[in-house]
Amino acid sequence: MVSISIHPFFMECDEAGIHTRELGVVFENLHVVGLGETASHQETLGSVLNPLGIVEAVQSSRHPSIRDILNGFEGVIRPSEMLLVLGRPGSGCSTLLKCLSNRREEYHAVEGEVFYDGLLPEMVEKHHRGDIHYCPEDDIHFPTLTVKQTIRFAARMRAPRQRLGYSREEYADNVTTTLLKLFGLHHARNTPIGDAVVHGISGGEKKRVSLCEALAGRACVTAWDNSTRGLDASTALEFVQTIRTATDTMRLTTIMSLYQASENIYELFDKVCVIYEGKMAYYGPANAAREYFINLGYEPAHRQTTADFLVAVTDPNARTPRKINAPIPRSAAEFAAAFLASKLGMENKQEITTHRSEFTGHPNKMVDYQRSSYDEHEKFARPASPYILRLTAQAKEVVVRRFQIFRGALLITGMNLFAFAFQGLIMGTVFLKAPQTTAAFFSRSSVLYFALLFSALMAMSEIPALFTQRPIVLRHQHWGMYHPFIESVALTLVDLPVSFVTSIVFGGLLYLLVGLQKTAGQFFIFFLFVLFMGIIMRAYFRALAAACKSEAAAQTLAGISVLALSMYTGYSMPEDSMIWALRWLIYINPFKYGFDSLMTNEFHSLNGTCTNLVPQGPGYENVSLANQVCAVVGALPGEPTVQGGRFLELSLGYTYNNLWRNFGILCGFGVVFIGALLIFTEINTKVSGFSAVTLYKRGTKLDDEPDAPATIEIEKGSDKDAHSRVLDHSRNASTLADEVRGEDIFSFVHVGYTIPVSDGQTKRLLEDVSGYVVHGKLTALMGESGAGKTTLLNVLAQRVDVGVVTGDRFINGQALPQDFQSQTGYCQQLDTHLPRTTIREALLFSAKLRQPTSVPLSEKEAYVDKCLHMCGLWSHRDAMVGSLNVEFRKRTTIGVELAAKPRLLLFLDEPTSGLDSQSAWNIVAFLRSLADQGQAILCTIHQPSAELFQMFDKLLLLQKGGQTVYFGDLGHNATTLLQYFERNGSRHCGPGENPAEFMLDVIGAGATATSSQDWYQTWRNSPEFEATHHDIEEIHKIGRNRPAVETTLRTEFPTSWKTQVVELIKRGASDHYRNSIYLSSKLVLNVFSGLFIGFSFFKDEDSLQGVQNKLFSIFMGTILSVPLANQLQIPYLATRRVYEIRERPSRMYGWTALITSQILVEIPWNILGSSLYFVTWYWTSHFPNDRAGYAYLLIGIIFPLYYTTIGLAFASMAPNAEIAALIFGFLFSFVITFNGVMQPYRELGWWKWMYRLSPYTYLIEGTVGEIMGRRSVRCSPIEFVNLNPPSGLTCGQYMANFISFAGGYLTNPDALSDCQFCSLETTDQFLGSGFNIFYDHRWRNVGIMAAFIVCNKYIMTFTQRDEWGRNEQIETTLSYDLG
């Protein structure tokens, strides 16, 4: 069917004049060298700070460790040929595919020769990049684009110039429609791709979208890296058949690596390359490979597929040698030498020579190829460019796509607009109707400063999204679709209307509510600068992200940038107060020029009525204005108002004449930042190369040759029977026979499951499913993608929280015990563990918390050691789980469940997904041994080989809609299953055919396959259906005569709350200490910020400005809580994810134990960080030594306690780190806004109640009151106000009464004119009247902060995110079963 549907597609392309080119690949002496070692020690904070470690790091950076990845590869792949690359994980399959597809940048060196029909790799990269595609294993797409938009974009970008009358749109529509139908995606064409946050298509459908996108790119050479992962056997076969047809029809060159290839798939390939530890063990015809290795001295197992046999030969633990009269190669080098010396090796060399001779001395072929490539280029496009479209056309298409992304993310855009509008409303009402008086000068400055700062802070939130899309842009660049900088151009252009709308909403609300100068010109200038500053800061943070290799580095630099930008604006600290060593920052700060312009635009026409005439009050009722002066900088004697322009010029040095000069400077900043964004995006769009390194706990001895993953003895002789290969697994499992053996039978009757979907509708995922799982039997749960396998497993294991479950589940015909989840094990498809935990620690943690407290610790440890031996993990027990390969992570997942001693049943979801055939065999053989020892096992499985399939005893087969097709015994070599289908009208299963693939083909599984027979009704009308229900009734009848399975737990959890907290603290402390990047980033941020803020306010001044500077020095330190809280949320959410996905359903520990342990683990490190901040900040800011103790209590202890608990509380409400950071930043802005610094308490009006609720009100009051309270003030010359006393009075006589009740002092009390008066004499006057800060409240403030900390803890306790958990459950169900 696939072949029939794809031929017209390519014939239509030929008829349209879209002639394809050919490109073969020849390679000789290919040698690839990578960086790094295969094994290393896990970094810890101690190892990072160790001076010897620093020396080693410098030495390793100068002389990095290198290792051979591939060596000695040679061969030819001609057009119309398909090459299958086989090997165990880590052998170098992906590396070979990348090198043959000209992806070399991530390797230290690539030596040898690779030619593309006479073209050198450099020429291909420079001129013909789009003709060679590498399709990675992971499916990464823009989540808010629909399926159709994703594929159509690829078709438009690679559409050739000659389309014989078809427009680009028509061509792209035809290609997209054909591919959607071809891969069974037409029903999902308007569905978003989706990701962890955006609901979209299933995992299998994402894989098919990736395939469609690659085919739409019209490459001559395509390398597919494990592209059938996650597909069921029938869909995988359909995909490879499609590639086979495309290869033949368009004379493509196809290279593909597959981990589990069936015989039907294998037979579609022309050639096969077998890799053994980086050596070429075989390269030649696929139909000769099996015989070659048999003649070499190895024998395939019974019904073992050819692909499995070829991989098994490279595994000393799995291969079966034959007895022949010749030496048998054992090592990788011996296999490579044997092939080179063989007849097939000689033929391979001859083919290389022949192929190269076809192009050597025949330049016409290369010229024809280049002419064909150039002819495809659009008119006015540079012919030698690797991109078909010219720059303007690229920009047009990418802008359209960016607009589609924007439309798909309307919710996020709406939230962004809401945030701007909400902040505009809040800040507008905080500074509501600011009066035209001198008392509002500070308030007007604050609101203008905030208008700029908020735009910058919102721009920072785009950094994670830019790193998320980087792999997509890199892939499209390699595929010759568009320049990476075009994506930045599109992002900037599409962002302009968004910035315009958010600026007009935010700025308009703020302007109107505050009551800034009411002229059209001034409003336009205000709006213009707010808009431009938003655009400039977005460009700055995007350029910063584009310049950095990692997101962590970008976030760190962004945080430091915001600190510097906000401090060196002139608001919190005038230029004259800056030390000379850092004063240059103000001149390269766009904030300074924006703030300067907004201030002069507002103040140049403002005449503020004086609210602080000196002197006034009792005794001065009849004093004339000529003898008074306003106590504000810029006031003139005898004037009732203060001119705003004069105030700015004297206090900040700003003049209105510089407004448009500043705008020109800002335009220059915009050009520089946008230019940097485009340049860095073009040259730095790279993803760091990943080299698999297994990390071990420090102190562990690293072996050059790690032990084998399985415990099957090396080269077992001539065992042929599959079950005989399980004997060694059985020997290991038998040590636990008593623990796992049971006689309880789990059954389920008429199980159905319905979930709510959009528009109030419901969707049935399971329909009337019945069956049972017997102890000592291995039961397989199979079906095509979307059949409901994972859903049924979740329903049976009581792990669904939404929807309606119908039917019954029993143990021995009786109700399930209340602790059913504790008495069962559930191995999920995703191996969810803390990455910096060792294997043994993970198993021991499970044993300690899931086995009853009555079991002694020594017994639990001994049992864990047995599990490690049984799982083949003993030699790697000290390896970090996060650094393991797929097979070892899967073994660890199984081991964690076994360590809990599941008494009743073990559920496993896709335990072989993503594994190579031999690793899959090892896992299933291990499960087989567990079943043989009495464990009841129910296991879903994808793409099993015939050899693997016969390891199972029973099968439950589902079709789409969650309907049963078959349940019962498989029989020897699946004869019982085959007889059932053939008896009910199916075709005959051939002797060499895989029964697992046969049954899926018969029921119409696959993307495009169908079946004329309703196998669900066939099953319901069959005698096997009646027999199944009869067996269930017998099981119930017998079981109900026995005592019910007792609930072993009398409490919700097996261990006490204290034990849970202690074990969680141990695990969390270890994880933190090994997370050196997190801890070092935390400490560096504190130290750098302390030094930066401290030295910025280094000048020790007792003037009014000096007192204000010290106030802002303390205030700026509290803002650090935002990045510090965002930092701690990431590891917390990673731990919570493990809890929610695996540990909560298993009833390992409670929510309160988790949050308590997380707080106790975080607090010591945060106190250390704040202590370092205090030491580097306090004395550099010239604060008094005698008040350091109280200040340390607040800043060094209370402050980290608060931001730790509030950060974790906000994270507990959010589903992921991005939303947690957004919620925290948004809500925390109110904590900063209402603490009385930005807007003094006396000016807050209706919002004074928020001042009382803001925790930082008390933190700042306590710190400022203690450090700065009860100190004298000495005005600087510019801060004195001059006034003339009435005739005949000295200054002292005239001002004595006023000073007695209002404070202040005179410098010339005996003068008769020009009295120099300073309005404040003590800091208490300044702090009390201006900011409502009082020295006497310091200990009260400590108590209130402690109450807030306790409140945060209770917020965490009652925000377990049940709702988010239900949403995640829906997401998990849909992602697996709505395909």
Side-chain angles (χ1 to χ4, degrees), residues 723 726 729-730 732-749 751 769-782 789-790 792-799 808-817 819-828 850-851 867 870-871 893-911 923-941 951-957 967-970 1028 1031-1036 1038-1040 1042-1048 1145-1146:
H723 287 281
V726 193
H729 278 296
S730 300
N732 284 319
S734 64
T735 63
L736 302 176
D738 293 337
E739 285 88 346
V740 300
R741 187 181 303 278
E743 297 181 357
D744 301 308
I745 300 177
F746 174 71
S747 60
F748 45 97
V749 184
V751 171
V769 181
S770 300
Y772 54 90
V773 184
V774 182
H775 58 88
K777 299 292 184 181
L778 187 57
T779 304
L781 174 55
M782 294 184 64
K789 303 181 295 297
T790 299
L792 178 60
L793 214 61
N794 288 332
V795 168
L796 296 182
Q798 293 187 336
R799 296 198 177 213
D808 298 302
R809 289 158 289 180
F810 301 99
I811 292 290
N812 301 329
Q814 302 184 59
L816 301 181
D819 62 345
F820 176 74
Q821 291 174 311
S822 296
Q823 297 194 47
T824 58
Y826 190 105
C827 300
Q828 295 169 316
R850 294 177 66 179
Q851 292 186 26
C867 290
M870 183 173 59
C871 296
T893 300
I894 298 174
V896 165
E897 295 303 316
L898 290 177
K901 290 187 178 180
R903 178 177 170 227
L904 297 177
L905 186 62
L906 182 62
F907 297 99
L908 298 102
D909 188 15
E910 302 287 357
I923 292 295
V924 176
F926 173 54
L927 296 178
R928 175 73 266 169
S929 66
L930 288 177
D932 290 341
Q933 299 304 320
Q935 182 71 62
I937 299 176
L938 179 61
C939 167
T940 65
I941 190 165
M951 299 281 283
F952 290 88
D953 302 295
K954 287 183 173 293
L955 170 70
L956 174 55
L957 180 61
F967 175 78
D969 293 333
L970 283 175
T1028 297
D1031 292 342
I1032 293 174
E1033 291 175 2
E1034 286 295 317
I1035 292 170
H1036 292 176
I1038 296 173
R1040 286 166 182 164
R1042 297 166 48 193
V1045 174
E1046 294 184 357
T1047 299
T1048 57
S1146 299

Applying side chain to side chain contact (heavy atoms under 4.5 Å, CB included), run through Arg850 and Glu897 and close with a yes or a no. CA-CA 9 Å; Arg850 294 177 66 179; Glu897 295 303 316; 3.1 Å; yes
Start with the C-alpha gap between Ile941 and Phe952, add the side-chain angles, then the distance that decides, and say whether side chain to side chain contact (heavy atoms under 4.5 Å, CB included) holds. CA-CA 11 Å; Ile941 190 165; Phe952 290 88; 3.8 Å; yes
Could you go through the side chain to side chain contact (heavy atoms under 4.5 Å, CB included) check for Val795 and Phe748 one step at a time? CA-CA 10 Å; Val795 168; Phe748 45 97; over 6 Å; no
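Across all non-hydrogen atoms, the minimal contact from Cys871 to Gly895 is SG-CA, 3.7 Å. Taking each heavy atom of Cys827 and Leu906 in turn, the nearest pair found is SG-CD1, 4.2 Å. The shortest heavy-atom contact between Ser1146 and Arg799 is OG-NH2, 3.2 Å. Heavy-atom minimum distance, Leu816 versus Gln798: CD1-NE2, 3.4 Å. Heavy-atom minimum distance, Ile1032 versus Ser747: CG2-CB, 4.5 Å. Taking every heavy atom of both residues into account, Leu796 and Phe746 meet most closely at O-CZ, 3.9 Å.
Separation of atoms CG (Leu792) and CG (Leu781) is listed at 5.5 Å; rounding is to 0.5 Å. In this structure, the separation between CG on Leu927 and CG on Leu908 is 5.5 Å, given to the nearest 0.5 Å. If you take CG on Leu938 and CG on Asp909, they are separated by 10.0 Å, rounding to the nearest 0.5 Å. We find the CZ-CZ distance between Phe820 and Arg809 to be 8.0 Å, quoted to the nearest 0.5 Å. Note that NZ of Lys789 is 8.5 Å distant from CE of Met782, once rounded to the nearest 0.5 Å. Distance CG/Leu956 to SG/Cys939: 12.0 Å, rounded to 0.5 Å.
Between the Asp969 side chain and the Lys954 main chain, no donor and acceptor come within less than 3.5 Å of each other. In this structure, Asp953 contributes its side chain and Leu778 its backbone to a donor-acceptor pair below 3.5 Å.
The ring pair (Phe, Tyr, Trp, His ring centres under 6.0 Å) search around Tyr826 returns none, not counting sequence neighbours. Every residue was checked against the side-chain hydrogen bond (donor to acceptor under 3.5 Å, both in side chains) condition with Thr1028, not counting sequence neighbours, and none meets it. By the side-chain hydrogen bond (donor to acceptor under 3.5 Å, both in side chains) test, Asp808 pairs with no residue at all, sequence neighbours left out.
Taking the six-membered ring for Trp and the full ring otherwise, the centers of Phe967 and Tyr772 sit less than 6.0 Å from each other.
Salt bridge Asp744/Arg1042: present, at least one basic N to carboxylate O contact under 4.0 Å.
Heavy atoms of other residues, nucleotides or ligands lying less than 6.0 angstrom from NZ of Lys777 number 12 at most.
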